[in-house]
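Worksheet: the structure to be examined is printed underneath.
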Amino acid sequence: MGFLGYSDVICDGDKAIVYLGYNSMMSLKLSHGTVTQTKRGALRHSDIIGKKYGCRLSTLSDKGYVHLLQPTPELWTLNLPHRTQILYFADISLITLQLELKPGSVVVESGTGSGSVSHAFARTIAPNGHLHTFEFHEQRAVKAREDFKDHGISHLVTVAHRDVLEHGFGIDFTVDAVFLDLPCPWRAVSHAKKILKTSGGKICSFSPCIEQVQRTCEELGSLGFSDISTFECLQRNYEHRTVILPYPNLGTKTVSRDDSKQASPNPDDSSSLQDTGIPGTSTEARQGDGATDIASGTTTPEAGKPLDRQGETDREESDRNEGGSQAKRPKLCEGAPQDNKKGNSLNYPTKCAVPWKDMPGHTGFLTFATLYILPGGS
Amino acid sequence: MGFLGYSDVICDGDKAIVYLGYNSMMSLKLSHGTVTQTKRGALRHSDIIGKKYGCRLSTLSDKGYVHLLQPTPELWTLNLPHRTQILYFADISLITLQLELKPGSVVVESGTGSGSVSHAFARTIAPNGHLHTFEFHEQRAVKAREDFKDHGISHLVTVAHRDVLEHGFGIDFTVDAVFLDLPCPWRAVSHAKKILKTSGGKICSFSPCIEQVQRTCEELGSLGFSDISTFECLQRNYEHRTVILPYPNLGTKTVSRDDSKQASPNPDDSSSLQDTGIPGTSTEARQGDGATDIASGTTTPEAGKPLDRQGETDREESDRNEGGSQAKRPKLCEGAPQDNKKGNSLNYPTKCAVPWKDMPGHTGFLTFATLYILPGGS
Amino acid sequence: MASTDVIKQGQNVILKKGKSLRLYQVWRKRRVHLDKKHFFLDEAIGKPYGTTWDVHGQNVCLVTPDEERDEDVREGGTDNRGINDDTRSQKLSDEDIKALKSKGQHGAAIVEQLVENSTSFKEKTVYSQAKYLKKKRDKHLMRFQILRPNTILLCEMYLMRAPSKNIHLRIDTLAQILTAANIQSGINVMMMETCQGLLLGAIMERMAGKGTVVQIHSESAPVRLAVEAYNFPSSYKDTLHAFPLDQLGFLEPKESVESNNPEQSTSEVSDRLQACKTEEPQATNGKSVESKDCPQCSESDAKERSVGHRTQKEEERSNGEEENDSNVEDCDAAADDAGMVAMEADCQSGEGGTQGQKRKFQVNPEKEARKQRRRESLCRVRDLLHNTKMDVLVMACRFQPLPIFTALFKFLAPSRPFVVYCHYIEPLMECNEWLRNCNNAVNIRVTETWLREYQVLPERTHPNVNMSGTGGYLLTGTTVSNET
Amino acid sequence: MASTDVIKQGQNVILKKGKSLRLYQVWRKRRVHLDKKHFFLDEAIGKPYGTTWDVHGQNVCLVTPDEERDEDVREGGTDNRGINDDTRSQKLSDEDIKALKSKGQHGAAIVEQLVENSTSFKEKTVYSQAKYLKKKRDKHLMRFQILRPNTILLCEMYLMRAPSKNIHLRIDTLAQILTAANIQSGINVMMMETCQGLLLGAIMERMAGKGTVVQIHSESAPVRLAVEAYNFPSSYKDTLHAFPLDQLGFLEPKESVESNNPEQSTSEVSDRLQACKTEEPQATNGKSVESKDCPQCSESDAKERSVGHRTQKEEERSNGEEENDSNVEDCDAAADDAGMVAMEADCQSGEGGTQGQKRKFQVNPEKEARKQRRRESLCRVRDLLHNTKMDVLVMACRFQPLPIFTALFKFLAPSRPFVVYCHYIEPLMECNEWLRNCNNAVNIRVTETWLREYQVLPERTHPNVNMSGTGGYLLTGTTVSNET
């Protein structure tokens with residue numbers, strides 16, 4: 001269990017992350033006697049228990065294999081059951097840093113939601129800090145409490161089912177930081193002020209809409225918070241792709257490329273240098289998925305690829321592009337149109353860092369502020 | 001004069017763009033007998049008149065040289081005297097396309113401002129379209145009118161000094177498109193509706209603040225505009241930099257780099273393969289400018305560089321980073337720390353596409369909408 | 001209303017349903033196929049562009065602006081605390097809905113029933129309600145708008161349906177290409193694209209039939225599919241000059257067309273260029289375009305067509321240049337046959353690929369004469385490039401840009417812009433490097449653009465949740481001479 | 001108020017004036033130099049962090065919260081139509097202002113006079129007025145806030161003052177490194193950085209003195225300048241183990257420390273490691289840090305210092321590793337001398353570089369004993385790495401990452417995260433490629449982040465006009481074994 005620290009061996013009752021292939025994972029609560037179906041084949045839990053985290057395991061029918069990973073808060077965020085919209089890695093990272101969380105911090109969160117942020121907070125404030133998390137939706141509060149227990153962090157987290165906007169936090173001590181993920185965060189700011197340390201307590205509010213941010217900033221300002229700032233933080237993924245842009249055939253007398261260092265052989269004398277292209281580097285028929293990620297180009301043919309390549313290049317269950325249609329996969333124009341016949345065109349593979357086709361355009365606005373209630377005079 | 005079409009020879013009275021070096025240009029109205037000072041030395045206008053556009057000209061004291069360019073609307077945007085905040089290339093491009101401007105279009109603009117957008121519009125609607133541009137600031141209207149006359153586009157542009165928000169556009173024909181760059185654009189929308197073609201007239205409003213956008217969108221919706229959409233369009237510049245990241249010295253027995261294709265010679269047997277580094281590729285002492293743009297790496301020493309290189313690498317008057325201090329130029333850690341002595345470290349230059357340090361974070365929001373007032377029934 | 005504002009027979013129109021865009025040519029009694037429904041657009045002829053239509057049986061029926069703005073806002077809950085995660089909130093089953101549909105229920109009625117049968121609808125916030133309604137309406141209502149094709153719509157259509165065919169060209173990037181290239185009426189443009197004529201069309205629109213366009217094309221014929229969609233006056237095509245990429249060597253001053261391909265017979269050269277010319281009569285004769293190639297053809301369609309096509313042409317074409325690239329060849333084939341074979345304009349992607357497009361290849365008896373014309377055309381373009389310096393070079397193609405760029409760059413006059421688009425940055429950096437060394441350009445830039453759309457709604461304003469990861473990269477700059 | 005919340009002698013504090021940040025160590029009667037003024041912080045000792053101060057003469061004076069929130073909103077014009085472009089709107093000349101200052105006028109009074117003498121101020125909109133006032137106040141008021149150093153402030157400070165020294169590490173990227181690395185109390189961290197200890201400090205803060213950090217360092221001594229700023233309990237340093245980059249070969253199982261450098265004498269090896277150890281007593285003895293190195297040293301300072309330094313050390317150091325890299329050597333030198341030479345803590349960048357920092361090199365008489373200790377330390381780290389698998393590998397350095405990454409990767413346990421930062425994407429793509437081929441990692445990602453700050457003000461909400469072009473790139477992933 002890696003929610004706190006690491007352990008080497010997978011135990012009964014652990015939650016493990018099953019890595020199925022590129023962008024495809026699932027979480028698994030291990031229990032002797034259970035068998036779980038995955039898209040790579042069935043997994044018998046008894047086969048897993050006792051193995052080491054990080055190991056590779058073939059599925060029952062030997063259809064394929066998976067890797068078993070220790071769940072970190074970051075992996076959990078990618079695999080938890082969504083009970084609400086959740087926050088992801090980039091935002092969580094910035095929030096944790098801006099709230100100055102560290103071992104020993106006492107922090108309040110509202111609402112708990114699916115617990116994505118809670119796990120990250122708990123990890124950072126361990127072993128001697130505490131997270132008080134508030135959720136107004138009862139079912140969610142109960143489920144979160146179960147998760148925290150399962151994940152061995154319940155000693156660090158107290159879950160309260162409470163409507164903070166109406167009733168405040170109801171705690172009689174001060175805390176280092178407050179994180180708000182609420183529909184009307186401005187209504188919680190005065191409550192937060194009551195429980196925040198006045199010597200530099202930190203607050204963060206996450207809101208998807210700018211109107212919420214505007215009201216929250218106004219309220220923070222009027223309540224005497226300082227250093228109010230609002231950020232957006234968007235992550236762009238790059239893939240390593242070996243792109244084969246066809247080398248144009250400019251006719252018999254190719255125009256000389258004086259200053260270019262790259263050799264420019266005459267396409268027509270074409271001793272079929274590369275006339276079959278380079279296996280394993282084709283990029284065709286991948287565009288439909290959007291978030292293409294072809295393993296970086298090697299000159300090894302696909303068949304000779306190490307086993308893991310299979311997993312890494314499999315994009316069938318790309319979680320980045322749920323809306324993408326699987327049926328239509330238009331061919332990629334620039335993908336390896338190799339002229340075998342007469343070999344009168346040469347293609348140079350180019351290693352490219354290509355941004356994924358789609359990226360998150362917005363997660364939410366993060367508003368940060370600090371509370372200092374300082375004595376006047378000198 | 002390239003504001004419309006192109007002409008080869010520079011004439012008396014032309015406005016030319018003097019290209020002084022990287023990110024450094026100025027406009028020049030040519031007039032026999034005049035001498036203009038530039039940072040590369042003085043230019044005698046009589047030397048320029050009669051030359052061809054694009055030519056290179058040494059300055060009087062032979063301190064350096066400049067290139068003389070025909071002014072296009074895009075070059076003008078970078079060189080015009082700022083009377084207001086202006087719109088730039090990326091926004092202008094999107095506006096022109098979204099307003100469906102083409103030769104023959106009749107378009108309204110308010111306000112004229114510094115004329116940055118006006119020139120681009122005039123170019124696109126020529127030879128038989130017309131731009132009606134409105135400016136509530138009298139001085140600016142007068143100056144814009146002068147510019148248009150100087151630039152040979154006054155037959156395409158009518159400048160009116162008028163407060164559109166208060167008095168409307170005051171024209172009694174319909175137009176294809178309206179562009180608003182006003183502090184309270186929502187107050188101009190109803191005026192715009194009166195002069196727009198009801199069979200697909202296009203409107204665009206540029207606003208720096210989201211509150212303006214919100215009101216404008218509301219007004220557009222309530223007045224029956226359709227396809228209301230709001231965009232931001234930010235341009236990121238990349239430079240081609242040959243970066244020399246030092247190759248780490250891992251001790252005598254370097255760890256083998258099995259799968260890497262790049263050769264990994266033992267740093268200690270160092271037959272001074274590249275021990276002096278690669279001239280002309282140093283990136284040091286450039287960071288202070290922010291928008292660094294070092295000419296792409298060649299293996300020619302700097303001294304042997306073609307003349308123009310000098311201009312291209314000169315960053316002293318970077319217009320991208322006006323706030324950047326010239327005085328402090330911290331050394332770039334990764335820039336070519338070459339170990340000459342004993343040559344026990346090897347540096348591999350890597351060609352990198354590096355985003356400029358700073359980029360525009362916001363220009364404004366562009367709101368587009370279409371007006372269709374359609375007959376009901378079938 | 002001006003006569004240009006109404007939908008006419010023979011025009012290309014775009015049907016917009018939800019976010020999806022389809023291009024059709026309007027003909028009386030020609031069936032159109034949209035979202036699995038077949039219907040006639042006859043009712044729309046003579047009606048204004050921008051109108052909204054509902055499908056009723058085989059016909060379409062105009063939607064009045066009042067009907068359109070039927071944005072119910074109902075009484076809503078305040079938040080979602082009471083809503084639990086289950087799928088039981090909708091009492092209507094898929095079978096129920098199918099039954100309603102088969103009874104001929106109108107889409108609007110079905111949506112109404114769905115709302116009534118949703119236990120959670122009333123508890124949703126008004127915003128969630130609006131979202132729900134929109135989703136259900138898009139699904140069950142057969143309502144679309146008829147729009148005049150323009151660059152924005154065409155670019156969106158290509159980008160959504162086959163981004164790679166359109167080399168991933170995004171609207172803001174296309175806009176920037178046109179501006180950076182200083183495209184305007186009356187100039188001399190040299191360009192090469194492999195985005196099915198979209199960029200060419202956009203350039204032609206901004207030139208309005210004045211000036212010159214030299215289009216370098218990679219395959220045997222220039223691909224101008226998208227150009228048709230613009231409904232240009234036929235005279236616009238007089239400004240167009242095609243020149244094949246693989247004849248660029250012929251542009252070198254000392255070469256003549258006969259000696260250009262010593263290892264190929266002259267007749268072979270001409271053969272290779274044949275397809276180029278088969279389109280020309282259409283362009284120059286100014287006769288109305290009677291067939292419409294559909295850019296949305298599915299891959300399976302494309303394969304079918306190109307296979308058949310190849311068999312018929314095998315003897316005519318001796319070089320294998322378009323082999324193994326059925327995608328591009330498809331475009332060729334289509335361009336090739338334009339004006340010769342009448343095709344159904346409504347060929348659909350995916351499932352609809354069995355519409356049985358028949359085509360036959362017309363063996364041209366005037367082969368020799370055409371060869372001669374082709375040779376003359378090559379010479380004309382060569383003379384043009386040698387005698388008239390070009391005002392701009394625009395490239396947006398699927399090839400390595402550097403060799404083409406260096407081959408064409410020399411034909412630019414000094415103090416002229418150039419623009420090269422590429423979906424990847426690395427090939428542009430090569431061009432950048434070449435330019436910096438060649439010393440004949442200033443103001444060189446490699447840029448990328450972030451295009452961000454916003455949802456602007458009361459209390460719900462934010463950037464859109466999904467966004468394009470990249471719009472590709474542009475290399476721009478201005479030529480200079482080093483004459484002093 | 002808890003005693004930890006007040007400013008104490010010996011603590012490092014950050015003075016924030018406008019956007020500029022400066023790090024100082026607080027000592028009674030020690031003069032601080034900020035914006036060309038010299039003053040004492042004595043008054044601030046015992047006062048809470050977060051307080052705002054004005055400089056009055058040589059002393060500082062607490063600003064009450066009321067004074068602070070002195071945001072005048074005056075009667076403003078409605079728009080700027082009446083304002084013409086000229087510089088004559090301000091009647092006060094620069095000379096007038098200087099005269100006021102020399103008369104000892106307080107900054108606030110000068111700002112007031114500027115407003116009164118501006119003819120256009122009243123015609124400006126309230127927003128323009130506020131902007132004007134802020135600009136003038138920042139210029140003429142000597143007001144600053146005293147803050148407790150934290151990762152955010154330190155990262156901002158480095159990024160503003162010497163981005164390249166901090167390998168351009170941006171706050172959001174640093175935040176992501178810590179999260180992706182799953183840094184927490186009690187784990188075993190293997191890391192290499194060349195950002196002056198900022199990343200190390202951030203990691204140590206999140207480990208709170210529990211667990212192990214193996215710091216691979218490139219120069220003769222680990223650079224830990226920024227670590228001091230955190231005011232950590234001295235016990236935190238017990239978790240730190242330094243290991244020199246150029247001894248990584250020594251980690252190979254079969255090597256022993258003596259045979260490691262056959263072409264160098266053993267004594268030379270030790271010499272190379274000397275500086276490493278000179279810092280150790282400070283770390284392990286737990287005595288309070290009595291000197292503060294200033295990360296803001298100007299380049300001219302750095303050169304001065306390193307030149308002098310090199311001359312003195314020439315004999316001691318036989319290898320030229322840090323030659324021609326005065327920047328890095330500067331860091332070394334500073335780290336080297338920490339604890340030996342008392343330096344002025346307030347050395348300033350730029351103009352203020354003539355403060356005459358004196359330093360002398362102390363020849364250590366216990367040379368042989370130290371060599372022995374150094375050898376033992378190397379062995380300790382080697383045994384640690386061989387016996388205890390590491391829980392994470394974190395890299396953020398100025399070197400080619402691949403060789404270091406591959407050398408260290410093998411010490412990671414399976415199912416552990418790794419994070420490599422680089423300012424450029426290309427070197428990370430090399431690592432990515434290596435990883436995909438080596439088969440021992442999953443969930444590999446190369447990412448970049450857009451950090452966008454917003455101005456949120458009534459009627460004036462928009463993203464900030466300037467933005468960082470890139471925060472660099474991160475390679476992240478999880479190790480796996482291929483044991484089945």
Side-chain angles (χ1 to χ4, degrees), chain A residues 83 136-137 139 163 183 208-212 232 234 236-237 243 245-255 257-260 262 264 268 287 323 327-335 337-342 344-345 348 350-365, chain C residues 79-81 84-85 161-165 167 194 218 245-250 252 255 260-263 298-299 319-321 323-328 349-350 398-400 402-404 406-407 423-427 430 434 437-438 452-453 458-470:
Chain A
R83 300 188 277 266
F136 81 160
H137 188 295
Q139 193 188 7
D163 185 341
C209 302
I210 195 73
E211 293 86 357
Q212 299 167 308
E232 260 192 306
L234 297 176
R236 175 150 91 155
N237 273 271
V243 173
L245 294 180
Y247 192 91
N249 172 10
L250 305 181
T252 1
K253 300 274 176 177
T254 45
V255 182
R257 299 167 61 203
D258 340 57
D259 297 274
S260 166
Q262 196 179 358
S264 162
D268 271 8
Q287 284 300 308
K328 283 171 285 171
R329 289 193 170 193
K331 291 194 74 179
L332 183 64
C333 262
E334 64 269 38
Q338 295 133 10
D339 295 17
N340 292 323
K341 222 174 176 182
K342 294 187 181 175
N344 59 354
S345 166
Y348 295 94
T350 310
K351 288 186 183 180
C352 294
V354 187
W356 286 6
K357 192 166 164 281
D358 298 309
M359 66 174 282
H362 182 62
T363 56
F365 300 102
Chain C
D79 54 49
N80 59 357
R81 82 181 71 185
N84 287 330
D85 314 309
R161 298 184 61 83
S164 61
K165 276 200 180 183
I167 50 171
T194 57
S218 57
L245 179 68
D246 59 10
Q247 297 297 311
L248 281 185
F250 168 61
E252 296 303 295
E255 301 293 329
N260 188 38
N261 279 305
E263 76 282 37
S298 72
E299 205 183 323
N319 76 327
E321 205 155 7
E323 293 292 339
N324 283 4
D325 192 356
S326 66
N327 188 22
V328 173
S349 112
R398 66 188 177 84
F399 293 94
Q400 296 238 357
L402 184 59
I404 304 172
T406 54
H423 185 53
Y424 309 101
I425 195 170
E426 291 79 2
E430 269 182 44
W434 180 84
N437 292 328
C438 89
R452 227 176 161 197
E453 191 169 355
E459 300 302 313
R460 282 163 293 163
T461 302
H462 60 73
N464 280 4
V465 172
N466 294 309
M467 139 176 205
S468 155
T470 182

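Note: hydrogens, waters and symmetry copies are ignored here, and every other heavy atom, side chains too, is used. Order of the sequence lines sets the chain letters (A, B, ...), proteins ahead of strands, with each chain counted from 1.
Distance check, rounded to the nearest 0.5 Å: CD of C:Q247 to CG of A:N249 gives 9.0 Å. Between the CG atom of C:N466 and the CE atom of A:M359 there is a distance of 10.5 Å, given to the nearest 0.5 Å. Taken to the nearest 0.5 Å, the CG atom of A:D358 stands 11.5 Å off from the OG1 atom of C:T470. Rounding to the nearest 0.5 Å places CG of C:L245 at 5.0 Å from CG of A:L250. In this structure, A:H362 NE2 and C:E453 CD are separated by 14.0 Å, a value rounded to the nearest 0.5 Å. Between atom CD1 of residue C:I167 and atom CG of residue A:L245 there is a gap of 10.5 Å, rounded to the nearest 0.5 Å.
Distance alone, capped at 3.5 Å, is enough to place a donor-acceptor pair between the C:R452 side chain and the A:G361 backbone. Side-chain N or O atoms of A:E211 include one that pairs as donor or acceptor with a backbone N or O of C:T461 at under 3.5 Å. Under the 3.5 Å distance criterion, the side-chain polar atoms of A:R236 are matched with a main-chain donor or acceptor of C:G469.
The two residues C:F399 and A:Y247 make their nearest non-hydrogen contact at CD2-C, 4.4 Å. Contact between A:F365 and C:H462 at its shortest, heavy atoms only, is CE1-CB, 4.4 Å. A:K357 and C:P163 get closest at one heavy-atom pair: CE-CG, 3.8 Å. C:Y424 and A:C352 make their closest contact through CB-SG, 3.9 Å (heavy atoms, listed as atom of the first residue, atom of the second, distance).
With a 4.5 angstrom heavy-atom cutoff, A:E232 touches chain C only via side-chain atoms.
A:P246 places a side-chain heavy atom less than 4.5 Å from the side chain of C:R398.
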